There are 2 protein chains.
Amino acid sequence: MRYHKIPDETIRRLPVYLRGLLFLLEEGRQSISSRDFADFVSVNPWQIRKDFSYFGEFGTRGVGYDIKKLSKQIYKILKLDVVHKAALVGVGNLGLAVLAYPGFGTYNFDIVAAFDTDRKKIGKKIKDVTVEDISKIRALKRKKIDLGIIAVPRKAAQEATDALVTAGVKGILNFSSCHIAVPKKIKVITIDIAMDLARLPYYMPAS
Amino acid sequence: MRYHKIPDETIRRLPVYLRGLLFLLEEGRQSISSRDFADFVSVNPWQIRKDFSYFGEFGTRGVGYDIKKLSKQIYKILKLDVVHKAALVGVGNLGLAVLAYPGFGTYNFDIVAAFDTDRKKIGKKIKDVTVEDISKIRALKRKKIDLGIIAVPRKAAQEATDALVTAGVKGILNFSSCHIAVPKKIKVITIDIAMDLARLPYYMPAS
DNA sequence: CTATGTGAATTTATTCACAGCA
DNA sequence: TGCTGTGAATAAATTCACATAG
């Protein structure tokens, strides 16, 4: 394996592979060939092999990939092999869905704090987390939280972002349907449901 | 403008542009140059111009783009200029968040039916929609619903998919964290929060 | 003989640079 | 003069084809 810049697209596919591998593991499978795995995750076999090859030689020629070993490698590559503490801002419908979402645990994320402005919500305990007033967000610095999740209405998004940045997070998962401004070194991933929804009709056959 | 196959990436960006334009419209702006718009949506100006150029000449040289006119064009390109009826399957945390989500209206989606298996939820009225038993999903065919939204746990996802396909939807928005199998002509867009989340640590600076 | 790993070829997407129009 | 629209150049990602290892 020579040096190669790793394509962003490869990084985007790794979680897809991981999801598939974890599923196969649950099913009790031990190993799988790139061809069979390709059918399973809907990605070409040569694409799968190339993606893995950027990071090393994880397979066995003539056999395939060891599912357990490979999934561990992907955890490591994506830095999911250590626990990441996260803080949630906004405990509305979406925030509650995020707190209840089982996917976070799978990838070693731990939501250790939740904030809101609504007095009715403050003090409530949801899934081991007590909702605090948003002004308390400064105290996060001591807790070594490196991830922020924004689930507030659009108008409050930038304010929530600034608070999280001040609190020292290194990455933000933004569920608000707006662009948020952050210092360059902080990575933001925006999940705007409407954004994905809006391109669905384009691909649907005409009625 | 000569014929060009339209890149998928362009289609992916159109909703981003649309979101920006709608925001500017709210602010009362009339027109904008590709350069200013570029700063606003974080896409290069030449990329913006090229993207629009695939569909026609929407701007005025020396001036820029008329915001109202351009947003209307994007609505038309993405086929968002007609109302799309949608059916929601699964009224749990995520399903409720989807029902409450204001973004659907903006893009002319109308959730006209909701289904669940939980007897406690059936019959309840949420946001103008009465939750029905999932067995009633067959009746959708008469209602001309062309979009299905899956917000059920992973194990129920394929079953929900099959029901929606039988009911005649042409597109599916899948919130389940699994791959779903559909006939080729049906477009599926999967929104798996964990999938986006899982690539965040990779891009975060080391602690 | 099977299935991986990887340079090379091809395809796709982005960026440039400037012609063309208001 | 200013900003769009677009072929041409460049960069990035995918696909191929086959050498290589179990």
Side-chain angles (χ1 to χ4, degrees), chain A residues 1-17 20-21 24 29-74 77 199 202-203, chain B residues 1-17 20-21 24 29-74 77 199 202-203:
Chain A
M1 181 194 61
R2 293 252 261 291
Y3 172 80
H4 278 101
K5 194 201 159 296
I6 292 149
D8 276 347
E9 289 297 299
T10 293
I11 299 302
R12 200 184 48 74
R13 279 188 297 267
L14 288 182
V16 177
Y17 299 149
L21 292 169
L24 289 167
R29 284 204 56 169
Q30 303 254 319
S31 76
I32 195 165
S33 68
S34 59
R35 185 212 264 248
D36 289 351
F37 193 51
D39 289 340
F40 193 67
V41 296
S42 295
V43 177
N44 298 325
W46 43 83
Q47 181 77 81
I48 291 173
R49 293 203 300 273
K50 174 136 287 208
D51 282 342
F52 292 153
S53 80
Y54 290 122
F55 305 99
E57 305 196 5
F58 299 149
T60 309
R61 293 174 198 228
V63 180
Y65 297 92
D66 181 279
I67 293 171
K68 204 168 205 169
K69 207 173 110 188
L70 184 55
S71 58
K72 270 198 181 145
Q73 288 287 356
I74 299 178
I77 293 165
R199 67 200 159 90
Y202 178 86
Y203 292 105
Chain B
M1 181 195 61
R2 293 253 261 290
Y3 172 79
H4 279 102
K5 195 200 160 294
I6 292 149
D8 276 347
E9 289 298 298
T10 293
I11 298 302
R12 200 184 49 72
R13 280 187 296 267
L14 288 182
V16 177
Y17 299 149
L21 292 169
L24 289 167
R29 285 204 56 168
Q30 303 254 318
S31 74
I32 195 166
S33 69
S34 59
R35 183 212 264 249
D36 289 351
F37 193 50
D39 290 338
F40 192 66
V41 294
S42 295
V43 177
N44 297 325
W46 44 83
Q47 182 76 82
I48 291 172
R49 294 203 299 274
K50 173 136 287 205
D51 282 341
F52 292 154
S53 79
Y54 290 123
F55 304 99
E57 305 197 4
F58 300 148
T60 310
R61 293 172 199 229
V63 180
Y65 297 92
D66 181 280
I67 293 171
K68 203 169 206 166
K69 206 172 111 188
L70 183 56
S71 56
K72 271 198 179 146
Q73 288 287 356
I74 299 179
I77 293 165
R199 68 202 158 90
Y202 178 87
Y203 292 104

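Note that the structure is a prediction, hence the values are computed from the model and not measured. Labels below follow one simple rule: chain letters A, B, ... track the order of the sequence lines, proteins then strands, and each chain is numbered from 1.
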Contact list for residues 31-46 of chain B, test salt bridge (Lys or Arg N to Asp or Glu O under 4.0 Å), sequence neighbours left out: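 Residue pairs with at least one partner in residues 31-46 of chain B: there are none.
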
Does anything in residues 43-62 of chain A form a salt bridge (Lys or Arg N to Asp or Glu O under 4.0 Å)? List the pairs, not counting sequence neighbours.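 As it turns out, the salt bridge (Lys or Arg N to Asp or Glu O under 4.0 Å) pairs with a partner in residues 43-62 of chain A, which skip direct neighbours, are A/Arg13-A/Asp51.
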
Looking at B/Tyr54, does any N or O in its side chain come under 4.0 Å of the phosphate oxygens OP1/OP2 on C/dA13?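 No, outside the criterion.
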
Rounded off to whole Å, could you give me the [atom1]-to-[atom2] distance for the [X] and [N] pair?
| X | N | atom1 | atom2 | value |
| --- | --- | --- | --- | --- |
| A/Phe58 | C/dT6 | CZ | P | 11 Å |
| A/Lys5 | D/dA13 | NZ | C1' | 11 Å |
| B/Ile48 | D/dC3 | CD1 | C1' | 13 Å |
| A/Ile11 | D/dT14 | CD1 | P | 12 Å |
| A/Gln47 | D/dA17 | CD | C1' | 16 Å |
| A/Lys50 | D/dC18 | NZ | P | 15 Å |
| A/Arg12 | D/dA12 | CZ | P | 17 Å |
| B/Asp8 | D/dT14 | CG | P | 12 Å |

Please list, chain by chain and in numerical order, all residues satisfying ring pair (Phe, Tyr, Trp, His ring centres under 6.0 Å) with A/Phe55, sequence neighbours excluded. none

Using ring pair (Phe, Tyr, Trp, His ring centres under 6.0 Å) as the criterion, list what pairs up with B/Phe58, not counting sequence neighbours.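 B/Phe58: no ring pair (Phe, Tyr, Trp, His ring centres under 6.0 Å) contacts found.
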
How sharply is the helix from C/dC1-D/dG22 to C/dA22-D/dT1 bent, taking the axes over five pairs at either end and rounding to 10 degrees? 10°

Test side chain to side chain donor-acceptor pair (under 3.5 Å) applied to [X] - qualifying residues, sequence neighbours left out:
| X | result |
| --- | --- |
| A/Asn44 | none |
| B/Glu9 | B/Arg12 |
| B/Arg29 | none |

Donor-acceptor list for residues 62-70 of chain B side chains, cut-off 3.5 Å, not counting sequence neighbours:
unit_1	atom_1	unit_2	atom_2	d
B/Asp66	OD1	B/Lys68	N	3.3
B/Asp66	OD1	B/Lys69	N	2.8

Which residue lies more 5' along DNA chain D, comparing A/Ile6 with B/Ile32 via nearest heavy atoms: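 The residue mapped nearer the 5' terminus is B/Ile32.
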
Restricting to nitrogen or oxygen on both sides, can you table the protein-nucleotides 18-22 of chain C pairs closer than 3.5 Å?
unit_1	atom_1	unit_2	atom_2	d
C/dG20	N3	B/Arg61	NH1	3.1

Roughly how far, to the nearest 0.5 Å, is [atom2] of [Y] from [atom1] of [X]?
| X | Y | atom1 | atom2 | result |
| --- | --- | --- | --- | --- |
| B/Thr10 | B/Phe52 | OG1 | CZ | 10.0 Å |
| A/Phe37 | A/Ile32 | CZ | CD1 | 6.5 Å |
| A/Gln73 | A/Tyr17 | CD | OH | 15.5 Å |
| A/Ile77 | A/Ile6 | CD1 | CD1 | 8.0 Å |

Touch class at under 4.0 angstrom, heavy-atom based, for A/Arg13 against every strand present: sugar-phosphate

With sugar-phosphate meaning primed atoms plus P, OP1 and OP2, does A/Phe52 contact a base, only sugar-phosphate, or nothing at under 4.0 Å between heavy atoms?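 Touches nothing.
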
Any residue of residues 33-46 of chain A with a heavy atom less than 4.0 Å from an atom of DNA chain C: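 Close to the strand are A/Ser33, A/Ser34.
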
